[in-house]
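Contents: one structure, followed by commentary.
All residue numbers refer to positions in the sequence shown, counting from 1. The shown structure was predicted, so the numbers you read here are calculated from the model rather than taken from an experiment.
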Amino acid sequence: MFKKEVGVMAYEELRNDGQKLADLADARSADAAYQAWIETGKKTYSHEEMWSQLSDD
């Protein structure tokens with residue numbers, strides 16, 4: 001019984017490590033996309049600014 005629990009714990013750790021790697025890859029991808037956005041000179045707006053611009057139209 002103890003070995004089974006250790007095996008389950010080991011599997012959980014491997015799964016979590018895989019998820020951590022996927023999260024790191026997602027973060028790098030998002031950083032690269034944000035950097036490309038900034039380099040194009042596009043401006044970002046807050047949620048309130050966006051709604052204000054839409055209501056002015």
Side-chain angles (χ1 to χ4, degrees):
M1 183 172 168
F2 180 72
K3 287 183 179 181
K4 182 178 180 183
E5 290 175 3
V6 170
V8 170
M9 290 176 62
Y11 172 75
E12 288 294 320
E13 287 298 317
L14 287 174
R15 188 172 61 98
N16 289 339
D17 287 345
Q19 184 60 45
K20 289 175 190 173
L21 289 174
D23 290 345
L24 287 173
D26 290 345
R28 286 185 181 153
S29 177
D31 287 345
Y34 182 68
Q35 187 62 37
W37 175 272
I38 290 173
E39 289 172 358
T40 63
K42 294 181 180 176
K43 184 177 186 288
T44 58
Y45 298 95
S46 71
H47 188 78
E48 290 81 16
E49 290 173 318
M50 187 254 331
W51 279 110
S52 175
Q53 289 179 3
L54 289 174
S55 65
D56 290 342
D57 292 339

Remaining members of Trp37's ILVMFWY cluster at a side-chain heavy-atom cut-off under 4.5 Å?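 Trp37 clusters with nothing; isolated.
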
To which residues is Tyr45 joined in a hydrophobic cluster, defined by side-chain heavy-atom contacts under 4.5 Å among Ile, Leu, Val, Met, Phe, Trp and Tyr, whether direct or through other members? none

Only counting residues at least two apart or in another chain, list the ones meeting side chain to side chain contact (heavy atoms under 4.5 Å, CB included) with Ser46. Glu48, Glu49

Atom pairs and distances, side-chain donor-acceptor, residues 24-33, under 3.5 Å, sequence neighbours left out:
none

Could you state the interatomic distance from CE (Met50) to OG (Ser55), rounded to the nearest 0.5 Å? 10.0 Å

